[in-house]
Amino acid sequence: MSWWSSIPMAWQAPLSEVCQSHALMQLADFLQHEFHAGKRIYPPQEYWFRALELVAPEQVKVVILGQDPYHGVGEANGLSFSVPDGVKIPPSLRNIWQELARDLGINPPQHGNLTGWAEQGVLLLNTSLTVEADKAASHAKKGWEVLTDAIILHLSQSQSGLVFMLWGAHAQKKVPLIGTQHCVLHSVHPSPLSAYRGFIGCGHFSAANTYLLQQGKKEIDWGRV
């Protein structure tokens with residue numbers, strides 16, 4: 001499995017060193033073993049790096065960090081919190097729509113495809129980029145975090161004035177990778193277990209746009225999905 005050829009060209013230079021690391025070689029071996037064992041892996045391999053395909057490093061304005069892909073049939077599409085058109089909207093994303101409506105008065109979309117956000121510079125990054133079917137977090141700590149930490153660190157060090165939305169304890173563990181020249185927005189996770197303990201009412205979407213405008217950048221049209 002060639003990591004180098006699978007990662008979009010715009011990201012290859014900043015990630016070249018980590019892609020040749022022992023941790024990534026071990027991850028490749030692990031995934032190869034899982035495939036040979038007949039395991040179902042989500043999302044499909046052509047979507048593993050879709051978040052990077054849609055947003056080049058210099059285009060990133062906002063990073064929304066998820067944990068791992070959805071593990072149900074047909075749900076994961078390579079973007080954190082997003083599902084393909086026609087797939088039932090997951091509970092966490094329903095709560096995101098609810099906060100978007102409360103914060104900005106945007107009518108919740110009838111689908112869960114967040115490609116429109118990515119096309120505006122929102123990097124929808126999971127810390128693990130694959131998962132075994134029906135087994136949440138099954139590929140955590142297998143090596144993906146080495147790569148996704150390198151992505152976060154590169155963005156933090158090479159740019160200024162980015163917005164990082166860190167929802168839940170897992171995402172907030174990445175704070176040490178992010179420099180003080182960025183806006184870091186914290187909240188509990190939007191899952192049904194925690195959304196009403198602070199996610200609903202966090203105001204992150206309006207706060208992100210206010211900050212981007214202060215940085216002289218174009219705001220995100222959060223209603224465009």
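Contact check for Q215 versus K61: no side-chain heavy atoms found under the 4.5 Å cut-off. The side-chain heavy atoms of L31 and W144, taken from C-beta on, include a pair separated by under 4.5 Å. Two residues are said to be in side-chain contact when any heavy atoms from C-beta on lie closer than 4.5 Å; W222 and V122 meet this criterion. By the 4.5 Å heavy-atom criterion applied to side chains, L24 and Q20 are not counted as neighbours. Counting heavy atoms from C-beta outward, H33 and H36 have side chains that stay 4.5 Å or more apart. No side-chain heavy atom of L177 sits less than 4.5 Å from a side-chain heavy atom of S156. Contact check for L123 versus I151: side-chain heavy atoms found under the 4.5 Å cut-off. Here the side chains of T210 and Q214 are in contact, with some heavy-atom distance below 4.5 Å.
In summary, the side chains of H170 and T127 do present a donor paired with an acceptor at a separation below 3.5 Å, with no hydrogens or angles considered. Looking only at atom types and distance, the side chain of H154 has no donor-acceptor partner in the side chain of W11 under 3.5 Å away. No side-chain donor from either of W48 and T130 sits under 3.5 Å from a side-chain acceptor of the other. Checked by atom type, the side-chain pair Q98/Y196 shows a donor-acceptor distance below 3.5 Å. No donor-acceptor contact under 3.5 angstrom links the side chains of N126 and S128, judged on distance only.
For the pair S191 and S92, the tightest heavy-atom approach, listed with the atom from each and the gap, is CA-OG, 3.3 Å. Smallest separation of non-hydrogen atoms from L114 and S80: CD1-O, 3.7 Å. Minimum heavy-atom separation, Q110 to P108: NE2-O, 3.3 Å.
Ring orientation note: the planes of F81 and H189 are tilted relative to one another, at an angle of 30° to 60°. In this structure, W117 and F205 have tilted ring planes: the angle between them lies in the 30° to 60° band.
W167 pairs in a side chain to side chain donor-acceptor pair (under 3.5 Å) with only one of the listed residues (Q67, Q172, H204), which is H204.
At a threshold of 4.5 Å between side-chain heavy atoms, the hydrophobic network of Ile, Leu, Val, Met, Phe, Trp and Tyr places I200 and L193 in two separate groups.
A salt bridge does not link R50 with E53: none of the charged nitrogens is closer than 4.0 Å to a carboxylate oxygen. With salt bridges taken as basic N to acidic carboxylate O contacts below 4.0 Å, none links K88 and E75.
Considering only residues two or more places apart in sequence or on other chains, H71 meets the ring pair (Phe, Tyr, Trp, His ring centres under 6.0 Å) condition with none of them.
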Walk me through it: do Y70 and V87 pass the test side chain to side chain contact (heavy atoms under 4.5 Å, CB included)?
-> CA-CA 12 Å; Y70 295 121; V87 173; over 6 Å; no
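Between the side chain of E99 and the backbone N or O of N95, no donor-acceptor pair lies under 3.5 Å.
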